Each structure stands twice: as structure tokens, then as C-alpha cells.
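Owing to the predicted nature of the structure, the values given are computational and were not obtained by experimental measurement. For ligands, and for the atoms within them, numbers begin at 1 and follow the listed sequence.
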Amino acid sequence: MSLRLFNTLTKTKDEFAPIDAKNVRMYVCGPTVYDFAHIGNARPAIVFDVLFRLLRHEYGAEHVTYVRNITDVDDKINERALRDFPGLPLNEAIRNVTEKTEKQYHADVGELGCLRPTVEPRATEFVLPRADGKADMVSLIAQLIARGHAYEAGGEVLFDTQSMPDYGRLSGRKLDEQQAGARVDVDAHKKHPHDFVLWKQSASNEPGWESPWGRGRPGWHIECSAMSAAYLGETFDIHGGGLDLIFPHHENEIAQSRCAHGTSVMANVWMHNGFLQVEGQKMSKSLGNFFTIRDLLAKEHPEVLRLQMLLTHYRQPIDWTDSARKQARAILNHWYQFTDGHYPLEPSSGELKPVFDALSDDLNTPAAIGLFTQTLSPMALKAAANFLGLLRSDLNAWRRWAPAGQTVDEDEIESRIKARNAAKAAKNFAESDRIRDDLLAKGIVLKDGPQGTTWELKK
Ligand code: AMP
Ligand code: ZN
């Protein structure tokens, strides 16, 4: 298998060559934990989960390190803590918000079939120098000042963008172009409008840490520079996130890391997933088309949501529609029937090669999935689907799945089926039809076959 990945840095699809095949290293920007994750946030979780699975397959599970951080320091978190826990001391209120949201996030993406990353560091644990000597934000900022890439002004420490000759390479923005037309806050204390905050002072009602620049808190970008260095080193293989993070977040991560460490690259490959829209419109709270993962899981089988996500290539925008959801449901329904009673093949089987070839072509999941029912045997299909985190259940469980809260009393159904069989045996067809229609009205479909009568939920 030769893996080719589209690299935002080079704008080309390049052959992937890890720095160390014994330790392939990937970092993905994780959630800011103040509210339920929405289905857009699930996209990077699922996309990079597929890449994680593919890398583990190729290099061995123990030779891949996947780091996805938890952003647990952010002004949105403070606001939420003050709103939801007004009576508590701020730190405690913040902890309540972040722990609850983090748990929720893990439950949500776990249901969507995402493996846990190797490490999920929390930003607040990487602010100050650490006993274990791993990289931290305060030391990185001190290093940037010492090397002439950062300065103190107006109560902040700022990154000096003009000190880096190729600042803007990832996003293709040049500093002077930005200065001309851009509508960016020009704070008087900044040397250049694009200089960004590494450290800012905290008021007494804001979370803060004692630092050489007073009691304060880090800017957003520096946390990823610290946590990626802590677990993956100064230069690593792959860095991912959504398209919206290219500028300024990833641009600034690169600037900080390269300038602090004096390296020419932070990560070799930069990957970005496209955005998720709803019925052709931007997903937003004000338009009322905003779905949390939790909302959707209450109504739909998690594998349907995961398949729906993977039916579009990760770099394309995805339109999240009801008809696409139904299409994904129909495909899964077909797969469950087709593979019923079959054991999956080993993923190394030759029959799966075309599937892995498609996945290795910049994670072409729609092409890979297209091969499933066209060319694969039931055993191969099951293996390929399992590999993508699908078909994790069996036909019976799939048929009986019902949205949470809508309970199906299986014993009751079985006893109605018995009563119907008795009516049929007595040639009382009016009664047997009545029982069938009655169940149908409750969303339960009876199927008469050679093995007797089975039931499933109406799709
Ligand atoms: P945030 O918590 O907003 O920083 O977002 C977490 C991750 O979700 C980032 O990688 C974002 O790029 C990504 N993301 C946010 N909204 C969407 C969306 N509508 N479609 C796809 N990815 C998104
Ligand atoms: Zn980041």
C-alpha cells in the first residue's frame, strides 16, 4: 500500500513517508469543552479516526501515536461557568463545565465508532513547566522572547509575525497583503495587526497562572504547540483539523513551534476536512438548523450517521440532509442482510486490496464504499465495513434498534406473534390480519418466512 495524502502546505497529493515508521505521529486539534459537540465537530473526529485506523493497519497498531487535545481554557468556558454555576468559586465552576462536556464528547464520538486517540492532553495541564519535563506553554513563550520572536506590550505577550520571513505559508497569505485590505483589529500596542497573543493578563474573576509576565492565561494557539511538542516532538508527521483552522490557528501554531524550536517544519503533512452544511445552508443556531451529535443519536442509529459522513470525500463540503441519511440507512440495511451469518475475513486478505487502495488514495471513502456491494463477498464486505467502524452489530440487533426513549417490548411482540399464529391455524384470518395491522401501526413489521415469523422496526 502506498498512502497518498493531500497536503495543504504543498497543495498537492504527496506520497506519505513517516519520519520514523516505528512511531508515526499525528496531532489533531480537539474540542473546546464548553457545550455539546455538533455534528460538524464530529466530522474531523470521524475523518481522522479513519486515517488513524489506516495508519495502524499499515504500520502496526503499536507504531502510531495519535494526539487529540482537549481545550479546557477559553473565554467561552469562563462565560459558561459563570452562567451555569454562579454560586461556585470560578475554578470549581470551570471544572464542572469542562469535565461534564469532555465526558459528553467522549460518549458522543465513541458512539459514532471513533477509537480513542493514544493521548488526549488537557491544555490546563501544559500551561506551567512540568515535573516530567514535557514541553509547556510558559517555557515555549519564554523561548520565543529569548529568540527575538515575541515581545511584551499592553499587558500581553505577542508573537512578532514580522520576525518570521515565511509567516503565512500554509494559508498563502502574505503579511503586507493582509495589512492592506484586512479588517483585523489594530490594537495600538501591536507592532503589526497580525501579531497574536501568546499570553494575556487575567482579571481576578478570570482563571490565571503565575508567570514571568504576571498572573495570566495563554492564548489559544500556543496550547497546541506545547501539547504536540510534549507528545510528538518538535517535528512530526501529520497535523489535522477542519478547514476553518488553517488561518489563523494552524498558521500561528506553525509560527510558534518553528520559531521556538528553530526548525524548518512543524509537521510534514497538514490535512483539513471540509465543512458540514445542513440542507445547503450553513449550520447555525440562528437558522435553527443546528444539530448536536446528541440530538441526532436520539433519533438515528450511530452507524447511519457515521456512514452518512463517510459517503462524502473528507475534503468536499458535506450537505447534511434527511435524504442522505435515508440513503445511508438503506445501504446499511442492505449490508446487514447481505452479510448476515458471515464471519469477516482478515483485513490483510487480498480481496480487500482494492478497498485499501481507494482508502490510501487520500482517504477516498466514497470510492472504497462504492466497491463494497459491487465487488466484495459477504465476508470481505463485513471485514471492510468493520475496518471503517461499521457493521459492528448483527442483523437482529440492527433490526431491533430503536431510538432511545422509544422502547420496544420484545416479549409483548412475541406473544402477539403467537396469538396471530394461533388465529391463522384456526383460519381466523380477520383476527390474524388485525394483529398484524395493529403491530404495523406501532411501527413493527412482521415477516413470514420458512423459519416462521420474524419482526423488524419499520424503516
Ligand atoms: P471547535 O470546537 O469549534 O474548535 O471545533 C472542533 C473541530 O471541529 C475543528 O477541527 C473544527 O475545524 C471542526 N468543525 C467545526 N465546525 C465544523 C463544520 N461545520 N464542519 C466540519 N468541521 C467543523
Ligand atoms: Zn490546534
Proximal candidate to atom 23 (C) of ligand 1 [heavy atom criterion; set Gly30, Pro31, Gly40]
Gly40
To which of Val33, Asp35, Asn41 does the heavy atom nearest atom 15 (C) of ligand 1 belong?
Asn41
Degrees at the Zn ion (ligand 2) between the SG atom of Cys29 and the SG atom of Cys224, nearest 10°:
130°
Taking only heavy atoms of [X] into account, list the atoms of ligand 1 that are under 4.0 Å away from them.
{"X": "Asn273", "result": "21 (C), 22 (N)"}
{"X": "Asp244", "result": "11 (C), 12 (O)"}
{"X": "Gly242", "result": "10 (O), 12 (O)"}
{"X": "Leu276", "result": "18 (C), 19 (N), 20 (N), 21 (C)"}
{"X": "Gly274", "result": "21 (C)"}
{"X": "Pro44", "result": "7 (C), 8 (O), 10 (O), 13 (C), 22 (N)"}

Check whether any N or O atom of Leu243, backbone or side chain, sits under 3.5 Å from an N or O atom of ligand 1, and answer yes or no.
no
Between the side chains of [X] and [Y], is a donor N or O closer than 3.5 angstrom to an acceptor N or O?
{"X": "Glu303", "Y": "Tyr336", "value": "yes"}
{"X": "His221", "Y": "Gln256", "value": "no"}
{"X": "Tyr34", "Y": "Asn78", "value": "no"}
{"X": "Glu234", "Y": "Thr263", "value": "no"}
{"X": "Asn333", "Y": "Trp398", "value": "yes"}

Near-ring test His194/Phe247, centroid separation under 6.0 angstrom:
yes
Proximity of Leu245 to ligand 1 by residue part, where a heavy atom lies under 4.0 Å
side chain
Hey, could you give me the CD/CZ distance between Glu79 and Arg83, rounded to the nearest 0.5 Å?
9.5 Å
CG/Leu310 to CZ/Arg43 distance, rounded to the nearest 0.5 angstrom?
9.5 Å
Return yes when His38 approaches ligand 1 closer than 4.0 angstrom through a heavy atom, no otherwise.
yes
Can you tell me if Glu253 has an N, O or S atom under 2.8 Å away from the Zn ion (ligand 2)?
yes
Counting backbone and side-chain atoms alike, does His221 have an N/O/S atom under 2.8 Å from the Zn ion (ligand 2)?
no
Could you identify the N, O or S atom of His249 positioned closest to the Zn ion (ligand 2)?
NE2
Heavy atoms of other groups near Lys282 NZ, more than 12 under 6.0 Å:
no
